[in-house]
Amino acid sequence: MIGSAAGKRPGAAAAWESDVSKIQTGKFDRDAAQKGYELNKMCYSLNSADNRVSFAADEEAYCRRYALGEAEQAAVIARDKPRLFELGGNMYFLAKLDRVPKRQTTPM
Amino acid sequence: MAQIIGGLSTSHVPTIGRAIAGGKQREVPFAPFFEAFGPVHDWLDETKPDVAIVIYNDHGLNFFLDNMPTFAVGAAHEYRNADEGWGPPAPRVFRGAPALSWHIIGSLVADEFDVSTCQELIFDHAGITALDLAWEGHGPKPVAVVPIVVNAVMPPLPTPKRCYAFGQAIGRAIRSFDEDVKVLVIGSGGLSHELGQFGKINQSFDQLCMEKIVADPEALTRYSNDDIVDLAGAQGLELMTWLVMRGAVSGDVEVIKSLYFAPISHTGGAMMLLDNRC
């Protein structure tokens, strides 16, 4: 296994050379770091109990405070993990979002 | 002079910390993982280290994407835990070893590892869980700590080769400290795993890592970071903490205890204690 993995190295792209358009799930790269900066910053803020209360009270308003766009807001509210990764979310910060209970919507 | 007496590496998934907090180590499905620390407790009772160097990756607690050091060394008089999103924890304080920290930082920079110096650092569960496994429970620890953080979050990440060399430099730094302290080097990180909904465990790769860490750590330095993500999942990069530990604990080692247990939560759980006194 060592041999095969080492063997494919010469052709393999370095971590920082990955394609902008294909942010592989979980493989956070420099493009994701830029694209997802505000999203991850919002998630990072959820370390604070007070911020979690504010977030839970009005998720949309809280996201706007962090200047998240509509796509980011929708993905956050839906807790749509694949979409959050596409938008540049980093798992270490998305984990903070996972720790906030998802809002229950009552069907009419 | 300071002496490195051994190296301990362990997984630190929050499930482990929750089991310790609830005193449920004997009840959880992964109880064998906790049982494996029995020989560690015996060994620590015998060897009585004064300081634990705790190498881990921050989990979005102390560091954000605004300032992300590749390697950061704590130089505080004490370190505290904090809310990581699960709710405010009972406050805990861990005694620092600032004189040793500053010595290590000076030695590392002279050795061309330009680390960040942290006179304040919130202590992540990754570091705390390792200490709570080594000295079971939430009581005060009989060691001072020097936290060392390896960036596993924002690329470009340090390569496995660089992490191993960093560990070797930490080893040189510790051994050149002019006080008679006994030092345990801890590497806290999971083997294969990927958080989120994509959990990934690669048991054969994990087993290979367990073997190579002991007998041939340089073999692991031939992987690229992307190789490791492909083989072991995005959070499999926490293997770097093991490589740093092994670099510091250089030369001949005796394996006191080693266990691979999968799954714990959705990771491959692993621990290893290496005696470096030979």
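A quick note: this is a predicted structure, and the numbers were derived from the prediction, not measured.
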Could you tell me which portion of [X] (side chain, backbone, both or neither) has an atom closer than 4.5 angstrom to a non-hydrogen atom of chain B?
{"X": "A/Asn40", "answer": "both"}
{"X": "A/Tyr37", "answer": "both"}
{"X": "A/Leu94", "answer": "neither"}

*With ring centroids as reference points, do B/Phe123 and B/Phe94 lie under 6.0 angstrom apart?*
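Between B/Phe94 and B/Phe123, which both carry aromatic rings, the centre distance is below 6.0 Å.
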_Taking the six-membered ring for Trp, are A/Phe28 and A/Tyr92 closer than 6.0 Å centroid to centroid?_
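No, the ring of A/Phe28 stays outside the 6.0 Å limit from the ring of A/Tyr92, centre to centre.
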*Residue part contacting chain A, namely of B/Leu61, when any heavy atom lies under 4.5 Å*: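 Contact with chain A: backbone and side chain both.
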*Under 4.5 Å heavy-atom distance to chain A, tell me which part of B/Asn57 shows up: side chain, backbone, both or neither.*
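Only the side chain of B/Asn57 comes within 4.5 Å of chain A.
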*asked:* Rounded to the nearest 0.5 Å, what separates atom CD in B/Glu84 from atom NE2 in B/His125?
replied: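 So the gap between those two atoms works out to 5.5 Å.
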*Is it possible for you to check whether A/Arg65 lies under 6.0 Å from the centre of the six-membered ring of A/Phe55, through NZ or CZ, and within 45° of that ring's axis?*
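Here A/Arg65 fails the 6.0 Å and 45° test against A/Phe55.
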*Taking all atoms of both residues into account, what is the closest heavy-atom pair of B/Pro160 and B/Asn225, and its distance?*
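In this case the closest contact between B/Pro160 and B/Asn225 is CD-OD1, 3.7 Å.
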